[in-house]
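Each chain gets a letter, A, B and so on, in the order the sequences are listed, and its residues count up from 1.
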Amino acid sequence: MSTMTAESITARLADDLDATFPEVVREVSSDLYSGAYRMLGNRQDAEDVAQEALVRAYRALSGYDAGRIRDLRLRPWLWTIAANLCRNRLRSRARKRALSLDDHDPADLGPGPEVVAEWSHLRGELARLLLDLPWPIRAAVVLHHVVGMPYDEIAVALERPAATVRSDVHRGLARLRAAYVPQEER
Amino acid sequence: MTDRMTTELAALRVEAPAGLEDAVLVAVGLADHYVTRTSPLGDIYVAFNDRGVSAVDIAGDAGRFEARFLSDHGRRAVSTDEIPHRIVRHLDEAIAAGRPGRLPVDLRGLTEFQAAVLHRTATIPRGEVRSYGWIAKEIDKPGAVRAVGSALAHNPVPVIIPCHRVVRSDGTLGRYSLGTAENKRTLLEAEGLDVDAFEAEAARGIRFVGSDTTQVFCHPTCRSGRRITEAHRHEFATEGDARSAGYRPCKVCRPVAA
């Protein structure tokens with residue numbers, strides 16, 4: 001997202017959606033994928049969410065008139081879609097986990113093998129701790145510190161007041177700090 | 001500590017997997033997938049999307065094919081290893097037979113006239129040829145012979161919609177949409193048509209052949225026409241000649257439009 005200025009890209013989207021959308025996809029796919037990966041802890045789920053969010057975004061934009069597209073705040077708007085998809089996935093995982101408590105279903109209910117492999121490393125430890133944070137706090141921390149979004153954009157994306165987002169990020173960081181023991185200090 | 005923590009969090013950013021971008025564009029219809037297939041012309045590129053096969057092309061390499069696809073269709077072409085079931089089960093048969101059969105074909109962006117030309121062309125049997133003028137008459141646009149030629153020159157799916165089976169009324173092969181006219185000859189010969197014999201006959205002015213046992217006249221390449229034995233075979237330069245000799249047109253090859 002860094003290389004495109006938000007106003008010109010929405011102006012060009014409004015002008016020619018099909019010609020401009022591939023550029024949007026190129027610009028935002030790593031943002032969406034990174035954020036979803038750190039919220040969900042699983043690469044396959046992250047890829048599914050990023051793809052689904054962009055497909056939904058395209059379909060929505062196809063139905064919008066030019067003025068509405070031009071006025072969009074593109075990144076937070078895309079994250080409204082992606083964050084909802086992430087939350088829905090976490091909920092359905094929780095449901096599956098509840099249903100399979102009795103029979104120990106080993107189905108994909110949590111972090112994928114790549115995250116588990118990362119756990120032995122410094123950074124992996126942090127990735128795992130992120131997954132222990134409750135949803136709105138986790139989403140806010142990931143969007144602010146991993147994706148690099150300002151509080152006001154996160155507020156739009158998560159449909160929460162900016163002040164709440166700010167305090168969620170601070171609380172999340174405090175919890176991470178309390179739980180995080182850098183490897184060299186162990 | 002805060003700096004350390006936020007730096008570590010920022011480092012959790014990762015690149016999107018290589019296929020994500022293409023998968024999105026294909027899913028929303030802004031890109032088509034493509035594969036290569038073998039044909040009598042060598043390797044051909046075959047592109048497809050939700051609606052069906054959208055392009056057949058020969059090209060020096062994948063890069064040139066992708067560039068031409070983008071400029072012709074306004075969408076990107078993305079290489080794939082996976083062909084959806086509804087395409088793969090009919091694709092090789094359609095290439096081998098030189099007709100779509102049950103293979104879905106995407107003719108979006110063509111005019112009604114262009115689509116009518118291609119649909120009629122798709123019904124010309126393997127190993128047979130018809131003239132541009134014949135197609136024009138068959139689609140009730142007898143004056144549009146040149147437009148038929150132009151529509152066939154822009155056939156997005158040559159080989160599968162067999163525009164190579166449409167030739168000039170004087171019996172010469174004429175232009176071909178996929179490379180040179182020599183490719184047209186290669187395809188027709190691969191289908192078993194004796195192109196030299198057909199051209200020689202046409203050069204003598206022969207446009208129809210008839211059988212005196214059935215009193216039916218055909219286009220020279222019609223399957224029934226080719227079965228007529230030498231002793232019973234009669235050649236005609238015009239429809240009028242055939243009719244005044246008491247012959248009626250074949251109902252299969254429709255040598256003159258109904």
A.B. asks: Are L12(B) and V142(A) close enough that some pair of their side-chain heavy atoms sits under 4.5 Å apart?
C.D. replies: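 No, every pair of side-chain atoms sits at 4.5 Å or beyond.
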A.B. asks: Working to the nearest 0.5 Å, report the span between CG of L126(A) and CZ of R4(B).
C.D. replies: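 Answer rounded to 0.5 Å: 10.0 Å.
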A.B. asks: What verdict does the side-chain contact (heavy atoms from CB on, under 4.5 Å) test give for D31(A) and R13(B), after you've listed the backbone C-alpha separation in whole Å, the side-chain angles of each residue and the deciding distance to 0.1 Å?
C.D. replies: CA-CA 8 Å; D31(A) 271 4; R13(B) 190 188 158 83; 2.6 Å; yes
A.B. asks: Please determine whether salt bridge (Lys or Arg N to Asp or Glu O under 4.0 Å) holds for the pair D18(A) and R75(B), giving the CA-CA distance in whole Å, both sets of side-chain angles, and the decisive distance to 0.1 Å.
C.D. replies: CA-CA 9 Å; D18(A) 287 358; R75(B) 302 188 299 274; over 6 Å; no
A.B. asks: Using a 4.5 Å heavy-atom cutoff, which residues in residues 101-118 of chain B come close to chain A?
C.D. replies: none
A.B. asks: Go through the atoms of V141(A) and report whether side chain, backbone, both or neither lie under 4.5 Å from a heavy atom of chain B.
C.D. replies: side chain
A.B. asks: Write out, in numerical order, the residues from residues 17-46 of chain B with a heavy atom short of 4.5 Å from a heavy atom in chain A.
C.D. replies: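 At a heavy-atom separation under 4.5 Å, chain A is reached by P17(B), L20(B), E21(B), A23(B), V24(B), L25(B), A27(B), V28(B), L30(B).
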A.B. asks: Is E189(B) atom CD crowded by more than 12 heavy atoms from other residues, nucleotides or ligands, each under 6.0 Å away?
C.D. replies: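 Count over threshold, so yes.
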A.B. asks: Provide the closest heavy-atom pair for L173(A) versus T6(B) in the form atom of the first, atom of the second, distance.
C.D. replies: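 Minimum heavy-atom separation between L173(A) and T6(B): CD1-CG2, 4.2 Å.
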A.B. asks: For atom CZ of R120(B), decide whether the heavy atoms of other residues, nucleotides or ligands shown that lie under 6.0 angstrom number more than 12.
C.D. replies: yes
A.B. asks: Which pair of non-hydrogen atoms, one from S30(A) and one from A16(B), has the smallest distance, and what is that distance?
C.D. replies: OG-N, 3.0 Å
A.B. asks: Could you look at L32(A) and say if it's the side chain, the backbone, both or neither that has a heavy atom under 4.5 Å from chain B?
C.D. replies: neither
A.B. asks: Mark yes or no for whether S34(A), through its side chain, and V14(B), through its backbone, hold a donor-acceptor pair below 3.5 Å.
C.D. replies: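 Yes, the answer is positive, given that a donor and an acceptor are paired below the 3.5 Å cut-off.
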